[in-house]
Amino acid sequence: MKFLAQASAALALLGGTLANPVAFDDLMTPTAPLKRAQQALKQVTNFGENSSKTKMYIYVPSKLADSPAVIVAIHYCTGSAQAYYNGSPYAQLADQKGFVVIYPESPYSGTCWDVSSKAALTHNGGGDSNSIANMVTYALQQYKGDASKVFVTGSSSGAMMTNVIAATYPEMFTAGIAYSGTAAGCFYSQSGGADQWNNSCANGQARGTPQVWAKMVTDMYPGYNGSRPKMQIYHGSSDTTLAPANYNETIKQWCGVFGYDYTKPDSTKANSPQSGYTTYSWGDHLVGIYAQGVGHTVPIRGSDDMKFFGL
Ligand SMILES: *[C@@H]1O[C@H](CO)[C@@H](O)[C@H](O)[C@H]1NC(C)=O
Ligand SMILES: *[C@@H]1O[C@H](CO)[C@@H](O)[C@H](O)[C@H]1NC(C)=O
Ligand SMILES: *[C@@H]1O[C@H](CO)[C@@H](O)[C@H](O)[C@H]1NC(C)=O
Ligand SMILES: *[C@@H]1O[C@H](CO)[C@@H](O)[C@H](O)[C@H]1NC(C)=O
């Protein structure tokens with residue numbers, strides 16, 4: 001626990017009381033009604049080591065590409081694999097593009113993800129992140145997938161897990177897209193608990209320098225020196241569940257990891273990709289999209305996600 005205790009001690013916690021953990025509600029509201037996927041979602045019960053008891057569901061389109069890409073799509077608190085399959089566009093996109101979608105399902109009551117325990121915040125630590133990585137290994141083998149096209153995305157708690165997965169399994173993922181999450185390690189629990197709510201992070205009081213946030217990422221897989229996934233971070237300015245300050249802290253984290261100056265994006269595009277949204281980009285590894293006036297549910301932009309993933 002030492003590494004995170006040190007890193008989190010370096011974060012300034014600006015006041016704030018720690019109330020009891022609260023569950024939060026996060027409904028997926030896609031912009032347009034979705035067409036139904038052609039195939040059903042299937043559970044896989046033999047994907048490998050699974051000490052956190054995370055469940056695996058998979059969507060395999062009838063027209064599977066040769067050497068298909070693999071997308072991990074991670075649900076929000078109160079959600080499920082089935083709810084995310086129904087409410088997000090990835091299965092329909094798989095029908096068009098021939099990739100495989102893994103929908104992991106949280107083993108915890110309330111179905112938030114464990115992004116607070118040392119196990120979850122460590123490469124091969126035995127937490128949910130480890131189980132999800134094992135699902136990817138299984139899918140790559142089972143479907144002869146393209147290991148250079150493995151992606152992760154999620155909403156809310158699933159977006160927190162997206163950042164955690166990118167930090168703990170950088171060698172496995174090519175790109176990640178987080179819709180309304182928090183920086184990797186921001187939900188760290190001092191008592192070491194799994195699946196703990198962290199009010200100071202949720203309320204936007206956990207602030208750090210890019211260096212402090214980046215160290216949290218690099219400490220999750222000590223000694224790793226290879227490439228890391230490029231990241232795209234969405235957040236709404238009217239988010240009352242995970243305060244908008246989490247947008248900047250997450251941007252600072254990945255800027256710290258990639259060596260970008262977070263105060264100087266290479267480009268800033270107003271009203272992009274739609275009115276009220278601003279798109280910021282740094283180098284070829286980081287895009288931030290801040291959605292003015294949007295609450296906790298930033299609608300998933302399926303075709304933009306495909307572009308970011310290069311699919
Ligand atoms: C993982 O644990 C869940 C919950 O116990 C179970 O449903 C699933 O079959 C397990 N999968 C593996 C591969 O052990
Ligand atoms: C919440 O997370 C921050 C890091 O973001 C950490 O400093 C703080 O101790 C955590 N709170 C609890 C109650 O563990
Ligand atoms: C990167 O890590 C690998 C595996 O641990 C090691 O063999 C290699 O020497 C490291 N490279 C550098 C530049 O540190
Ligand atoms: C994020 O940081 C920028 C630049 O420092 C600042 O202008 C903006 O107000 C911050 N946004 C939030 C939501 O804290």
Side-chain angles (χ1 to χ4, degrees), residues 1-22 24 112-122 127 157 159-161 163-164 167-168 178-220 233-256 260-270 276-282 286-296 298:
M1 210 117 332
K2 206 170 97 220
F3 73 95
L4 282 164
Q6 281 169 347
S8 66
L11 291 177
L13 292 176
L14 311 173
T17 52
L18 297 175
N20 291 329
V22 288
F24 68 89
C112 292
W113 291 96
D114 175 18
V115 287
S116 62
S117 73
K118 167 99 199 264
L121 300 175
T122 304
S157 185
M160 297 183 197
M161 181 55 95
N163 285 313
V164 166
T168 48
Y179 284 94
S180 310
T182 61
C186 194
F187 256 52
Y188 164 68
S189 163
Q190 265 177 21
S191 61
D195 183 36
Q196 294 296 298
W197 186 261
N198 182 307
N199 267 332
S200 44
C201 178
N203 297 344
Q205 291 147 347
R207 308 283 175 94
T209 61
Q211 291 67 34
V212 166
W213 283 123
K215 187 170 178 340
M216 280 200 181
V217 168
T218 52
D219 284 353
M220 289 180 197
I233 309 300
Y234 282 91
H235 215 103
S237 74
S238 303
D239 191 330
T240 54
T241 304
L242 299 174
N246 285 300
Y247 168 77
N248 271 354
E249 300 311 301
T250 308
I251 291 292
K252 281 196 253 177
Q253 179 167 64
W254 294 116
C255 278
Y260 302 140
D261 178 348
Y262 85 98
T263 65
K264 294 196 180 72
D266 293 322
S267 82
T268 301
K269 287 185 201 142
Y277 286 34
T278 307
T279 298
Y280 305 88
S281 64
W282 291 262
L286 183 62
V287 176
I289 300 175
Y290 197 62
Q292 199 61 44
V294 178
H296 187 47
V298 175

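Order of appearance sets the numbers: ligands from 1, and atoms from 1 within every ligand. Below, each value reflects all heavy atoms present in this structure, side chains not excepted, and no hydrogens, waters or symmetry copies.
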Identify the two heavy atoms, one from Met161 and one from Asp114, that lie closest to each other, and give their separation to 0.1 Å. CE-O, 3.7 Å
For Tyr290, the atoms of ligand 4 under 4.0 Å from one of its heavy atoms are 13 (C)
State, to 0.1 Å, how close Ser180 and Val298 come at their nearest heavy-atom pair, and which atoms those are. OG-CG2, 3.4 Å
Minimum heavy-atom separation for Asn163 to Ile233, with atom names? OD1-CD1, 3.8 Å
Below 3.5 Å, N or O to N or O, backbone or side chain included: is there any such pair between Trp213 and ligand 2? no
Distance-only N or O hit between ligand 2 and Met216, under 3.5 Å: no
Looking at non-hydrogen atoms alone, which of Gln190, Glu249, Gln205 comes nearest to atom 14 (O) of ligand 2? Gln190
Candidate list Asp261, Asp266, Thr268, test side chain to side chain contact (heavy atoms under 4.5 Å, CB included), partner Lys264, passing option: Asp261
Taking all atoms of both residues into account, what is the closest heavy-atom pair of Gly193 and Ser116, and its distance? O-OG, 2.7 Å
Those atoms of ligand 2 less than 4.0 Å from some heavy atom in Cys186: 1 (C), 2 (O), 3 (C), 4 (C), 5 (O)
If you look at every heavy atom in Val164 and Leu121, which pair is closest and at what distance? CG2-CD2, 3.7 Å
Considering the heavy atoms of Ala206, write down every atom of ligand 2 situated less than 4.0 Å from one of them. 5 (O)
Do you see a protein non-hydrogen atom under 4.0 Å from atom 11 (N) of ligand 4? yes
Can you tell me the protein heavy atom closest to atom 5 (O) of ligand 4 and the distance? Tyr262 CE1, 4.1 Å
Can you name the atoms of ligand 2, numbered from 1 with element, that are less than 4.0 Å from a heavy atom of Ser189? 14 (O)
What do you reckon, are the aromatic ring centroids of Phe187 and Trp197 less than 6.0 Å apart? yes
Contact summary for Gly293 and Ser237, nearest pair of heavy atoms: N-OG, 2.7 Å
Can you find an N or O of Asn248 that's nearer than 3.5 Å to an N or O of ligand 4? yes
Ser200: numbered ligand 2 atoms lying under 4.0 Å from its heavy atoms: 1 (C)
